[in-house]
Amino acid sequence: MKRIMRAYNIDDLASLARRRLPAGLFEYIDRGAEDEVTLRENHASLKRVFLRQRVAIDVSRRDPSTCWFGVRQAMPVGIAATGLAALISYDGERALARAASAAGIPYTIGTSNFTAQADLKEICGDRLWRLIYPPKRRELLHHHLAVTRELGIRVLIVTLDSPVVGNREYLHRSGFQPGRVGLKAFVQMMTAPPWLFGTLLRYLLSGGLPEFADMPEGERRFLGGTYSWANTADDFTWDDVRALRSAWRDILVLKGVSTAEDARNAAGCGVDGIIVSNHGGRSLDGCVPSFEALPEIVDAVAPKVTVLVDGGFRRGSDVLKALAMGASGVMVGRAPLFGLAAGHEAGVARALDIFREEISRAMALVGCRTVSELCREHLLASRQSGQ
Ligand SMILES: Cc1cc2nc3c(=O)[nH]c(=O)nc-3n(C[C@H](O)[C@H](O)[C@H](O)COP(=O)(O)O)c2cc1C
């Protein structure tokens, strides 16, 4: 616990995570596709824009809460879907869900979930969101919709930025391929005692590695199983989005939209929300950083469509910049995973506390009492960036 409390920012949590995880598993979280240009620029683009600080404002009472899709959120941050989080720490999805629920923010569970959505729904209530990749077999899509609907989960997110998997060369080198473990990875696992005893052995002693909880019977095995990227649709089009809109009457959000054209297409299909995202730089390397894509999308479809953004957010002040640019909020992927690796549920809670404290402090320093007061007048592009 002391270790976690001495993590003063998200980068400190990342350092702790690096020390506790097998190297290849840390890379699986931390790294991006190919030359990692988009990974770096997601973060760097946030640093090229400055906050214009207003002064002599009574900021003694600040409220960082906001409302997404009719549900009050304690702060404008949600936990993004990150596949295989349960391998980072024992029962990791439940830890993420509990920490999100305690912090009063949404938790997104992806398609490769080891913990049943039903259990997570009990923890998170209306703040559990479900994300799916469009599956090649459309009947699997209907299976996912049926399970999600039956549980009363209201927010369905569909990822569109990865019709094929991004080129993650480091996984070939480390041997940490999801579902397959090479010799090098095995050696790394044996030489990372905190993870070996705290996660892997705990699974093995409690009945073996977990399985994909909400896949149909016969498709649940993880190691050596049938689940693979080959199952993801590379032929999913706007016609499919329209069909999905008819099939899913509750809240529908498209993730991985990064141009105004596609944002307008999405709005035309009647979706409720967009997550401006490039998969945290894990898919198309060299594509536009999320924060740079944000303004054209906000201008094209907000506020009719709720616009969220993810990619590279590590500081409360980063979150304020996105809000000032017109986003309704920010999703974070790696930050809570670093917390999870560093200290299980307490580590995730620490990551979320860091965001909450930094957001509240930055609001005071920029001269805002509510998140809705933030606007583009609070932003100044760096003169060096040429914008
Ligand atoms: C380990 C890991 C696994 C991820 N798995 C998925 C996934 O299964 N589906 C998806 O749409 N996005 C996935 N993402 C992307 C996140 O949802 C999110 O877009 C990204 O992490 C945001 O960037 P950030 O990590 O810089 O906050 C994953 C990201 C990470 C780091």
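For ligands, and for the atoms within them, numbers begin at 1 and follow the listed sequence.
- With respect to atom 27 (O) of ligand 1, the closest heavy atom belonging to the protein is Gly333 N, 2.9 Å.
- For Thr82, heavy-atom contacts with ligand 1 shorter than 4.0 Å involve the backbone as well as the side chain.
- Contact annotation: for Leu337 versus ligand 1, heavy atoms closer than 4.0 Å belong to the side chain alone.
- Among all non-hydrogen protein atoms, the one lying nearest atom 9 (N) of ligand 1 is Tyr133 OH, 2.9 Å.
- Thr259 places a side-chain N or O within 3.5 Å of a backbone atom of Asp262 that can act as its donor or acceptor partner.
- Note: no N/O pair closer than 3.5 Å links Arg282 and ligand 1 by distance alone.
- Every heavy atom of Ala335 sits 4.0 Å or more from the atoms of ligand 1.
- Annotation: side chain of Leu209 is not in contact with side chain of Phe114 (no heavy-atom distance under 4.5 Å).
- Contact annotation for Ile275 and ligand 1: no heavy atom of the residue comes within less than 4.0 Å of the ligand.
- Using modelled atom types and a 3.5 Å distance limit, the side chains of Ser283 and Ser162 yield a donor-acceptor pair.
- Counting the atoms of ligand 1 from 1 in the order shown, those under 4.0 Å from a heavy atom of Val332 are 27 (O).
- Using cut-offs of 30° and 60° on the angle between ring planes, the pair Trp68 and Trp129 is tilted.
- Residue-to-ligand polar distances keep Tyr28 apart from ligand 1: every N/O pair is separated by 3.5 Å or more.
- Between Ser283, Gly280, Ser162, Gly312, it is Gly312 that holds the heavy atom closest to atom 26 (O) of ligand 1.
- The 12-atom threshold is exceeded at CZ of Arg72, counting heavy atoms of other residues, nucleotides or ligands nearer than 6.0 Å.
- Applying the side-chain contact (heavy atoms from CB on, under 4.5 Å) test between Phe355 and each of Val330, Val332, Asp318 identifies Val332 as the sole match.
- Heavy atoms of Gly110 stay at 4.0 angstrom or farther from ligand 1.
- In terms of polar-atom proximity, defined here as any N/O pair under 3.5 Å, Met331 makes no such contact with ligand 1.
- In this structure, Arg334 contributes its side chain and Ile29 its backbone to a donor-acceptor pair below 3.5 Å.
- Using a 4.5 Å heavy-atom threshold, the side chains of Glu41 and Thr38 count as separate.
- Atom numbering of ligand 1 starts at 1 in the shown order; those under 4.0 Å from a heavy atom of Ser277 are 19 (O).
- Residues Pro336 and Val348 approach most closely at O-CG2, 3.7 Å, considering heavy atoms.
- Shortest contact from atom 24 (P) of ligand 1 to any protein heavy atom: Arg334 NH1, 3.5 Å.
- Distances below 4.0 Å separate heavy atoms of Leu131 from the following atoms of ligand 1: 9 (N), 11 (O).
- Residue, atom and distance of the protein heavy atom nearest to atom 11 (O) of ligand 1 are Thr159 OG1, 2.6 Å.
- Among all non-hydrogen protein atoms, the one lying nearest atom 18 (C) of ligand 1 is Asp310 OD2, 3.3 Å.
- Between atom 15 (C) of ligand 1 and the options Arg314, Arg31, Lys255, the minimum heavy-atom separation is to Lys255.
- Using modelled atom types and a 3.5 Å distance limit, the side chains of Asp285 and Asn167 yield no donor-acceptor pair.
- Contacts of His43 with ligand 1, taken as heavy-atom pairs under 4.0 Å, are absent altogether.
- Counting only distance, with no hydrogens or angles, the side chain of Arg376 and the backbone of Met325 share a donor-acceptor pair below 3.5 Å.
- Summary of contacts: the protein heavy atom closest to atom 5 (N) of ligand 1 is Gly83 N, 2.9 Å.
- Closest approach of Ala86 to Thr199, counting heavy atoms only: O-CG2, 4.4 Å.
- Both cation-pi conditions hold for Arg282 and Tyr28: the charged atom is under 6.0 angstrom from the six-membered ring centre and inside a 45 degree cone around its axis.
- Scanning all protein heavy atoms for the shortest distance to atom 17 (O) of ligand 1 gives Ala81 O, 2.7 Å.
- Contact annotation: Asn42 has no heavy atom less than 4.0 Å from any atom of ligand 1.
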